[in-house]
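Everything numeric here is computed off the predicted structure, so don't read it as measured data.
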Amino acid sequence: MKDKDILLRFFELSGNDTDSLVYLKKYQSVEAKEFALIYISPDILTEFAEAIFYVLKLLSNLELYPVLVMQKESLQYLELFYQILYDKIRLHQDDDFRLEFLENEKTNRVAQVLSDKKIPVLVAQGKREELVSFLQQHIHNLYTGKFIYFKQESGLFDKHTNQKLSIINLMNDSQTLKQQSILSQPDQAILELCEQVLQVSNNRSLTVSITSPLVLFKELFSVKGNGTLIKRGSKIAFSEKIGILDRAKLLSLMQTSFKKKVKANFFDREFLSILYEINYRGAAVMRQFRIGYYLTKFAVDEIARGEGIGRELWDQMIARYHSVFWRARPKNSINKWYTKECSGMQKYQDWFIYWINIDAKLIPQVCEKACSMPVDFEEENI
């Protein structure tokens, strides 16, 4: 397959050129063993074998090699129904689809297979408890960044409304989902398996995606995704002394998030506090005035947006300050989301002004104050 054809198919499947390239660069920048581990159950392989082969070939063409976990009966199915392909794979005669089946192998063999630009297939045996232990062991040893669980329907669903749950934050949502019996029994079992996997991983940034093989590229290569993302929950820190933070990391976050250069005097101003994800993947910088709390900057990096870090930051900010106002340029892509979150807004030529829980009598002053605030960025893009 030619490079041009590979990219065209990649963009077609992922659905967003800009997001796709950001994620592709991210995945290609990590060690091969850290990219992803995909669990493919026998039922899923039986129903989606052709689709799975297709996406694995395309991932290989993009020089991304996920580690696969199958069960013994899946190999028997391949041997029976895909004998020619199975034989070619085992004999390493298919240049576009290079898999190596590893039965009873230790994790260190996986690295060698990946270095040979082949997709390792780890063969698990036994019942659910043994499968969980198998997944835990290899995800821990490989320092996997993403665990993907293939499911017939893309994601976990609220059984009462049939609405897909796009993000599950285990720190905040796990008990509620269980106590209110929101998931069906099969979906709850999948969630509990994923939770067990997350608990033992030594990679704090590990996330889990529950998705269908048919939409894997949209789940992997877009901010919005197309499944259910499960995460431990981010560690959000709070500080009233911005000067003691890592200014270089905070500056980098703001500039990459807004794609503009921060003005030299930004950190000379008087700030109230900052809420930030401990790895500086998101931050809310606050100032205080007589009329209320002003959100100076809300910045979340591109990858973190897809992991729901912006939502976590936002919820903690509102819980702490309750009444907040802020502004955004009319062409800012986040305005649609701001409009959903705010209690009210006012549009001007240069700024859109938003507020939450502001006394109606103060709104004219809030709008005047927000419009008069100094510009934080140089206008040219970086």
Side-chain angles (χ1 to χ4, degrees), residues 19 163-174 176-177 204-205 207 222-225 228-240 242 245 249-250 252-260 262 271-289 291-346 351-358 363 366-367 369-370 373 376-377:
D19 288 354
Q163 293 294 308
K164 183 189 298 181
L165 305 177
S166 56
I167 296 179
I168 294 176
N169 182 327
L170 293 177
M171 192 180 297
N172 301 326
D173 304 331
S174 181
T176 301
L177 291 171
R204 291 297 307 176
S205 62
T207 58
S222 69
V223 170
K224 187 176 180 180
T228 297
L229 180 76
I230 303 174
K231 51 184 288 187
R232 284 190 181 97
S234 306
K235 289 188 176 181
I236 307 297
F238 170 78
S239 177
E240 294 180 327
I242 293 183
L245 302 180
K249 289 183 178 179
L250 182 57
S252 175
L253 167 65
M254 292 173 60
Q255 293 188 157
T256 55
S257 179
F258 286 88
K259 295 182 172 59
K260 290 184 177 181
V262 175
F271 297 103
L272 170 68
S273 63
I274 178 172
L275 287 161
Y276 64 102
E277 192 271 335
I278 60 170
N279 293 312
Y280 292 88
R281 303 178 66 207
V285 183
M286 308 298 297
R287 298 184 71 176
Q288 184 177 16
F289 298 101
I291 54 176
Y293 297 105
Y294 177 64
L295 174 60
T296 299
K297 279 291 163 284
F298 187 75
V300 183
D301 79 28
E302 290 173 295
I303 301 298
R305 291 171 198 167
E307 296 175 13
I309 287 176
R311 176 82 265 170
E312 291 179 83
L313 267 173
W314 190 266
D315 288 345
Q316 289 203 29
M317 177 191 73
I318 298 304
R320 181 176 290 271
Y321 297 108
H322 187 63
S323 300
V324 179
F325 67 101
W326 69 98
R327 71 184 184 185
R329 292 293 189 187
K331 293 183 179 180
N332 195 322
S333 60
I334 202 174
N335 282 335
K336 185 176 181 180
W337 188 75
Y338 281 161
T339 301
K340 291 180 181 178
E341 295 298 316
C342 71
S343 301
M345 65 177 294
Q346 178 67 48
W351 297 106
F352 287 178
I353 312 301
Y354 302 90
W355 59 86
I356 293 175
N357 298 323
I358 296 289
I363 289 174
V366 160
C367 292
K369 185 65 177 178
M373 295 298 291
D376 299 322
F377 293 103

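- Side-chain atoms of Phe289 and Met373, non-hydrogen and from C-beta on, do get closer than 4.5 Å to each other.
- Rounded to the nearest 0.5 angstrom, Trp337 CH2 and Cys342 SG are separated by 11.0 Å.
- Taking the ring-ring contact (aromatic ring centres under 6.0 Å, His included) definition, one finds that Phe325 meets it with Tyr294, sequence neighbours left out.
- Annotation: side-chain contact (heavy atoms from CB on, under 4.5 Å) contacts of Ser205 (sequence neighbours excluded): Asn203.
- By the side-chain contact (heavy atoms from CB on, under 4.5 Å) test, Gln163 pairs with Thr161, sequence neighbours left out.
- In terms of the ring-ring contact (aromatic ring centres under 6.0 Å, His included) criterion, residue partners of Trp326 (sequence neighbours excluded) are, by chain and number, Trp314, Tyr338, Tyr354.
- Note: Ser234 OG to Asn172 CG = 9.5 Å, rounded to the nearest 0.5 Å.
- In terms of the side-chain hydrogen bond (donor to acceptor under 3.5 Å, both in side chains) criterion, Arg232 has no residue partners (sequence neighbours excluded).
- Under the side-chain hydrogen bond (donor to acceptor under 3.5 Å, both in side chains) criterion, Asn169 pairs with Glu312, sequence neighbours left out.
- Applying the side-chain contact (heavy atoms from CB on, under 4.5 Å) test to Ser343 and every residue at least two apart in sequence or in another chain returns Trp355, Ile356, Asn357.
- For the atom pair CE (Met254) and NZ (Lys260), the distance works out to 12.5 Å, reported to the nearest 0.5 Å.
- From Leu313, atom CG reaches atom CD1 of Ile318 across 11.5 Å, with rounding to the nearest 0.5 Å.
- The shortest side-chain heavy-atom distance between Leu165 and Asp173 does not fall under the 4.5 Å cut-off.
- When side chains are defined from C-beta on, Lys164 counts as touching Thr228, because their heavy atoms get closer than 4.5 Å.
- Of all the heavy atoms in Thr296 and Met286, the pair that sits closest is OG1-C, 4.3 Å.
- Here the OH-OG distance, from Tyr293 to Ser273, works out to 8.5 Å after rounding to the nearest 0.5 Å.
- Contacts of Arg320 classified as salt bridge (Lys or Arg N to Asp or Glu O under 4.0 Å), with partners at least two apart in sequence or in another chain: none.
- To the nearest 0.5 Å, atom OH of residue Tyr321 and atom CD of residue Gln316 are 11.0 Å apart.
- Among pairs with a residue in residues 329-342, those fulfilling salt bridge (charged side-chain N to carboxylate O under 4.0 Å, His left out) read Arg311-Glu341, Arg329-Glu379, at least two apart in sequence or across chains.
- Legend: residues meeting side-chain hydrogen bond (donor to acceptor under 3.5 Å, both in side chains) with Gln288, ordered by chain and number and at least two apart, are absent.
- Counting only distance, with no hydrogens or angles, the side chain of Arg327 and the backbone of Ala370 share a donor-acceptor pair below 3.5 Å.
- Looking at heavy atoms from C-beta onward, Val366 lies out of side-chain contact with Gln346 at the 4.5 angstrom threshold.
- Annotation: side-chain hydrogen bond (donor to acceptor under 3.5 Å, both in side chains) contacts of Lys297 (sequence neighbours excluded): Asp376.
- Taking each heavy atom of Ala299 and Phe258 in turn, the nearest pair found is CB-CE1, 3.9 Å.
- The shortest heavy-atom contact between Leu295 and Met317 is CD1-SD, 3.8 Å.
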Can I get a per-line list of side-chain donor-acceptor pairs under 3.5 Å for residues 274-285, giving both atom names and the distance, sequence neighbours left out?
residue: Glu277; atom: OE1; partner: Asn279; partner atom: N; Å: 2.9
residue: Glu277; atom: OE1; partner: Tyr280; partner atom: N; Å: 3.3
residue: Glu277; atom: OE1; partner: Arg281; partner atom: N; Å: 3.1
residue: Glu277; atom: OE2; partner: Asn279; partner atom: ND2; Å: 3.4
residue: Tyr280; atom: OH; partner: Asp246; partner atom: N; Å: 3.0
residue: Arg281; atom: NH1; partner: Glu307; partner atom: OE1; Å: 3.0
residue: Arg281; atom: NH2; partner: Glu307; partner atom: OE1; Å: 3.2
residue: Arg281; atom: NH2; partner: Glu307; partner atom: OE2; Å: 3.1

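- Asn332 places no side-chain N or O within 3.5 Å of a backbone atom of Asn335 that could act as its donor or acceptor partner.
- Between the Arg305 side chain and the Gly310 main chain, no donor and acceptor come within less than 3.5 Å of each other.
- Of all the heavy atoms in Val300 and Ala304, the pair that sits closest is CG1-CB, 3.8 Å.
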